2 protein chains.
Amino acid sequence: MKFSRTSQRRVILSELRKLKSHPTADELYTIVREKLPQISLGTVYRNLDQMAEAGIVQRLELCGRQKRFDGNIDRHYHMRCPDCGAVKDVENDRMSHVESILSDVLEDLDAEGFWIEFTGQCKDCNKPRVEII
Amino acid sequence: MKFSRTSQRRVILSELRKLKSHPTADELYTIVREKLPQISLGTVYRNLDQMAEAGIVQRLELCGRQKRFDGNIDRHYHMRCPDCGAVKDVENDRMSHVESILSDVLEDLDAEGFWIEFTGQCKDCNKPRVEII
DNA sequence: CCATTTTTAGTAATGATTACTATTTTTAAA
DNA sequence: TTTAAAAATAGTAATCATTACTAAAAATGG
């Protein structure tokens, strides 16, 4: 599939690039409609997804559509399979070093906390790729 | 508000603690129904949220309900305000050090990538807390 | 036991996203 | 430049995870 050049895609991209606010699709829809009053919300969604897939824009967040829960409340880390969507615990000794640096970063930024997640394919995963974002 | 002791909450928690799979609410609902066939999906949702709020279980993922997009595709980091949900870019020199350690971690884990996100209140945020998860 | 608070099951509503479809636009080659 | 194929569009309907609502039931603490 090739990208066609359309005014909709051009305006969506240029408006997104002007913003520092990391907008949602519907926020961008509101902005883009000032230039293209006839554009539809579905067009905004479709173009953002296509451009994210192509690496032209960044889609924030790794998490899927559904919330996931963990009975283990100790600090530990997860790896999410981009193909089947499964989430598994991972362990690595270097993470304590990462945590100590990030605790300094938190002070610098005056932030409250951080979240780290890994992506990687399950060893035993043969399922077709699912859209996890 | 105090927690009452109910069989629903007890079974939800004990079944969750048995699992390594980080289930979604509806996956857990399916499992819990084997013990309590009359339980409703809403009860599972409500109890998981309450227990997450109380720190008894962990809710994975930080991201909100809506996807967010960024025109800047260079590697950089975000801080999400737990009160108003806004997402802002943050910068810190220590992050390059974190990245170099994490690239070793990726090799160890045979993972593909990582995602880091910070939480922290906006300086100018007076909005009431919104449920971002 | 009893009044108050909390929780429940069941159902309806919400809201973000995706799917569908007939039409229009873009593309690239003749 | 036509022109046929491919891609994209607007508008609408459908989906699906989650939340809200409600009357009834259960738990709590005196």
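Numbers restart at 1 for each chain; the letters A, B, ... are given by sequence-line order, proteins then strands. Everything quoted here is computed from the prediction, not taken from an experiment.
In this structure, CD of B:Glu27 is placed 12 Å from C1' of D:dA17, rounded to the nearest angstrom. The CZ atom of A:Arg68 sits 11 Å away from the P atom of D:dA17 (whole-angstrom rounding). Here the P atom of nucleotide C:dA16 and the CZ atom of B:Phe69 are 14 Å apart, to the nearest Å. Distance A:Arg10 CZ to D:dT9 C1': 15 Å, rounded to the nearest Å. As rounded to whole Å, 13 Å separates atom P of C:dT18 from atom CG of A:Asn47. Residue A:Leu48 contributes atom CG, which lies 14 Å from atom C1' of C:dA16 at whole-angstrom precision. Rounded to whole Å, the distance from CD1 on A:Ile12 to P on D:dA10 is 8 Å. Note: CZ (A:Arg33) to P (D:dT9) measures 16 Å, nearest angstrom.
Among the nucleotides C:dT17, D:dT9, C:dT18, the one closest to the side chain of A:Leu41 is C:dT17.
When B:Lys88, B:His78, B:Arg68 are each tested for a side chain to side chain donor-acceptor pair (under 3.5 Å) with A:His22, only one passes: B:His78.
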Original post:
Stepwise, does the side chain to side chain contact (heavy atoms under 4.5 Å, CB included) test hold for B:Glu117 with A:Glu117?
Top reply: CA-CA 9 Å; B:Glu117 211 174 274; A:Glu117 212 174 272; over 6 Å; no
**OP:** Start with the C-alpha gap between A:Leu16 and B:Asp70, add the side-chain angles, then the distance that decides, and say whether side chain to side chain contact (heavy atoms under 4.5 Å, CB included) holds.
**Re:** CA-CA 7 Å; A:Leu16 176 59; B:Asp70 191 340; 5.9 Å; no
**OP:** Step by step, work out the side chain to side chain contact (heavy atoms under 4.5 Å, CB included) result for A:Ile116 and A:Leu102.
**Re:** CA-CA 11 Å; A:Ile116 301 177; A:Leu102 286 180; 3.7 Å; yes
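Between A:Arg9 and A:Gly42, the one whose closest nucleotide on DNA chain D sits nearer the 5' end is A:Arg9.
Between A:Tyr45 and C:dT18 there is no side-chain N or O to OP1 or OP2 distance below 4.0 Å. Taking side-chain N and O atoms only, A:Arg46 has a distance below 4.0 Å to OP1 or OP2 of D:dT9. Close to C:dT7, at under 4.0 Å from its OP1 or OP2, lies a side-chain N or O of B:Gln50.
Using a 3.5 Å distance cut-off with no hydrogens or angles, the side chains of A:Ser40 and A:Thr43 do pair a donor with an acceptor. Looking at B:Gln38 and B:Arg33, their side chains never bring a donor and an acceptor atom within 3.5 Å of each other.
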Atom pairs, N/O to N/O, protein against nucleotides 22-30 of chain D, distance under 3.5 Å?
{"from": "D:dT28", "atom 1": "OP1", "to": "B:Arg5", "atom 2": "N", "distance (Å)": "2.8"}

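Using a 4.0 Å heavy-atom distance criterion, B:Asp26 is classed as making no nucleic acid contact.
For the pair A:Arg75 and A:Phe114, the cation-pi test (distance below 6.0 Å, angle within 45°) is passed.
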